[in-house]
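Reviewing the structure listed below.
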Protein chains: 2
Amino acid sequence: MLQRITEGDARGTLAIMARQVTSTTLAQAVADHLRMRIHRGDVSPGERLPAERELAEQLGVARISLREAIRQLREDGYVEVRRGASGGTYVTELRRPAEAWRARMREQVGEMDDILDFRIALETETAVLAARRHSESSLVPVREAVDALRDVIGRTAFRQADSRFHVALARAARNERLEEAIEAARGELFSPRDLLPFREPVEETLRDHRAVYDAVRAGDADGAAEAMRAHLERSRQQLRIIVFGAEDDAEWPAS
Amino acid sequence: MLQRITEGDARGTLAIMARQVTSTTLAQAVADHLRMRIHRGDVSPGERLPAERELAEQLGVARISLREAIRQLREDGYVEVRRGASGGTYVTELRRPAEAWRARMREQVGEMDDILDFRIALETETAVLAARRHSESSLVPVREAVDALRDVIGRTAFRQADSRFHVALARAARNERLEEAIEAARGELFSPRDLLPFREPVEETLRDHRAVYDAVRAGDADGAAEAMRAHLERSRQQLRIIVFGAEDDAEWPAS
DNA sequence: CTGGTTGGTGTGGTCTTAGGACCTTTGGTC
DNA sequence: GACCAAAGGTCCTAAGACCACACCAACCAG
């Protein structure tokens with residue numbers, strides 16, 4: 001109904017050809033990529049990124065492009081750079097970016113829920129597919145990620161175990177598009193359980209993961225989907241507390 | 001955590017920092033955008049794109065970038081370009097790109113299923129959300145898209161009505177991420193029902209759409225999800241026939 | 001046959017990217 | 001203390017992407 005410019009006009013011209021198309025600069029793409037990896041916890045606070053020359057080669061970009069990306073991350077407080085023999089690019093404790101993320105989520109009401117609804121769409125179906133078509137071997141990493149959560153100490157370990165679980169499950173579902181979309185969505189969420197003042201609910205998460213794992217292993221697609229949905233809804237509640245909850249409960253870890 | 005720089009290995013360096021990061025050229029982005037719109041059927045065979053200067057401005061790019069994109073599309077057989085007063089860029093009958101798409105789907109076994117599983121993930125949850133939070137007014141376009149299918153004549157009209165249904169439903173679900181992802185996934189699928197030799201199953205699609213619509217309107221989230229899943233599974237069967245089925249049934253439309 | 005619309009082409013300038021050479025800082029080793 | 005190696009910091013050159021603008025060439029309607 002919006003298709004035609006006018007009925008009288010003889011031409012089949014489209015009225016509007018849609019929103020603006022943009023291309024990102026390479027440096028921007030690299031910055032986004034690194035930021036996402038930090039959000040997801042692939043690199044933890046205190047850890048060092050590879051040396052510039054090396055990292056640039058790994059990412060397939062020129063060093064100057066990587067440097068520009070690092071400059072952005074440094075401005076936003078994600079990394080610190082030190083020179084010299086044991087220098088390098090180190091991930092900070094992420095307080096400033098975490099606080100900025102929190103402020104943004106508070107401002108942009110609904111964005112957090114949108115991301116979570118998106119994750120629910122992706123991950124419940126991932127659980128369904130994993131239940132249907134997992135192989136014995138593809139479940140091993142999932143199991144390991146569940147077990148890792150049992151013995152976890154500290155936030156970094158918690159986040160990494162959590163992340164590994166979701167990634168391993170996506171891999172068991174054998175769909176690269178789903179896997180990539182899940183990783184991207186998780187990158188937007190800042191994996192903030194361990195970065196913001198909040199005592200991570202290890203027990204609860206462990207129960208949730210185990211429930212998903214058991215259903216998947218049993219081939220129970222509906223059960224897996226429901227367990228995953230329940231898990232993500234609990235995550236939503238936790239995030240609500242983190243973003244909107246009492247700030248005075250703040251309890252930054254000593255280390 | 002900060003101190004774990006040393007621990008076995010002297011440095012906390014990450015071994016591999018993941019896959020290569022690339023940036024697309026603007027022309028490439030424009031070409032992808034236009035190709036996707038053609039795949040989705042926003043522009044139909046025989047229709048003319050806006051004049052270069054105008055389209056470039058709409059897309060927010062320089063004319064030369066747009067021209068480069070058009071050159072790509074022309075090479076792939078998507079458009080033909082004519083000069084002169086009633087010249088312009090016209091969408092072809094798409095036989096060559098449709099055949100190329102079909103060949104690719106046959107070669108890359110599983111890609112089609114991956115895309116469809118991805119769509120199922122996105123669209124079943126979209127149906128759930130739409131059932132839960134639709135407004136009266138947001139259902140109007142959905143209803144119109146269902147009705148449009150009833151009176152449809154010809155492939156172009158069929159495809160456009162089909163496309164409008166899915167987009168309208170996504171909008172009723174009020175989640176931009178879902179909406180964009182659905183549009184992108186649909187763009188990959190080439191909406192090939194009307195471009196490849198196949199008699200479109202209007203009745204069946206109409207029934208499916210109506211079932212989804214009714215469930216959404218009734219607020220029946222589970223029913224909407226199941227109806228959508230059934231609809232997409234039927235689409236999968238149709239696509240299987242198109243891609244792998246008997247080629248001799250080929251029956252190209254006169255127009 | 002002429003004017004306006006449309007694609008086709010060329011020029012000049014700025015920004016991005018790549019790749020490499022060389023400098024500076026720093027911590028550790030001899 | 002002198003020196004070395006490893007890291008980031010800086011600078012240069014060349015190639016390509018992108019843009020604005022002007023002008024050319026084809027075409028068709030009036």
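Numbers restart at 1 for each chain; the letters A, B, ... are given by sequence-line order, proteins then strands. Note that the coordinates shown come from a computational prediction; the quantities given were computed from them, not determined experimentally.
Screening B/Ile38, B/Val61, B/Leu59 for a side-chain contact (heavy atoms from CB on, under 4.5 Å) involving B/His33 leaves a single residue, B/Leu59.
Following rounding to the nearest Å, B/Tyr90 (OH) and D/dC27 (P) show an atom-to-atom distance of 13 Å. In this structure, A/Glu68 places its CD atom 13 Å from P of D/dG9, rounding to the nearest Å. Atom CZ of A/Arg83 and atom P of C/dG27 are 12 Å apart (whole Å). Put simply, CZ on A/Arg74 is 9 Å from C1' on D/dG8, counting in whole angstrom units. What separates CD of B/Glu54 from C1' of C/dG7 is a distance of 14 Å, to the nearest Å. Rounded to a whole Å, the CZ atom of B/Arg82 is 11 Å from the P atom of D/dC27. Rounding to whole angstrom units, CD of residue A/Glu57 and C1' of C/dG20 are separated by 14 Å. For the pair A/Glu52 CD and C/dG19 P, the computed distance is 16 Å after rounding to whole Å.
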What's touching nucleotides 16-19 of chain D from the protein side, N or O pairs under 3.5 Å?
from   : atom 1 : to      : atom 2 : distance (Å)
D/dC18 : OP1    : B/Leu26 : N      : 2.4
D/dC18 : OP2    : B/Leu26 : N      : 3.4
D/dC19 : OP2    : B/Ala62 : N      : 3.0
D/dC19 : OP2    : B/Ser65 : OG     : 2.6

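Listed pair B/Arg48 / C/dT6 meets the phosphate criterion, a side-chain N or O lying under 4.0 Å from OP1 or OP2. Applying the 4.0 Å criterion to OP1 and OP2 of C/dG7, one finds that B/Arg71 has every side-chain N and O outside that range.
Side-chain contact of B/Ser44 with B/Arg159: a donor-acceptor pair under 3.5 Å is present, judged by distance alone.
With respect to A/Arg102 and A/Glu99, a salt bridge is recorded, a charged nitrogen being found less than 4.0 Å from a carboxylate O. Taking the charged nitrogens against the carboxylate oxygens, A/Arg119 and B/Glu125 have no contact shorter than 4.0 Å, which rules out a salt bridge.
Side chain A/Arg53 to base D/dG8: a donor-acceptor pair is found below 3.5 Å.
Closest approach to the A/Thr89 side chain among C/dG27, C/dG7, D/dG8 is made by D/dG8 (side chain taken as heavy atoms from C-beta onward). Closest approach to the A/Arg67 side chain among C/dG7, D/dA7, D/dG8 is made by D/dG8 (side chain taken as heavy atoms from C-beta onward).
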Begin from the C-alpha positions of B/Asp113 and A/Arg174 and carry the test side-chain contact (heavy atoms from CB on, under 4.5 Å) through to its verdict.
CA-CA 11 Å; B/Asp113 280 313; A/Arg174 301 172 191 278; over 6 Å; no
Side-chain donor-acceptor contacts of residues 73-81 of chain A below 3.5 Å, not counting sequence neighbours, with atom names and distances?
from    : atom 1 : to      : atom 2 : distance (Å)
A/Glu75 : OE2    : A/Arg71 : NH1    : 2.5
A/Tyr78 : OH     : A/His39 : NE2    : 2.8

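Remark: the backbone N or O of A/Asn175 is not paired with any side-chain donor or acceptor of B/Asp114 at under 3.5 angstrom.
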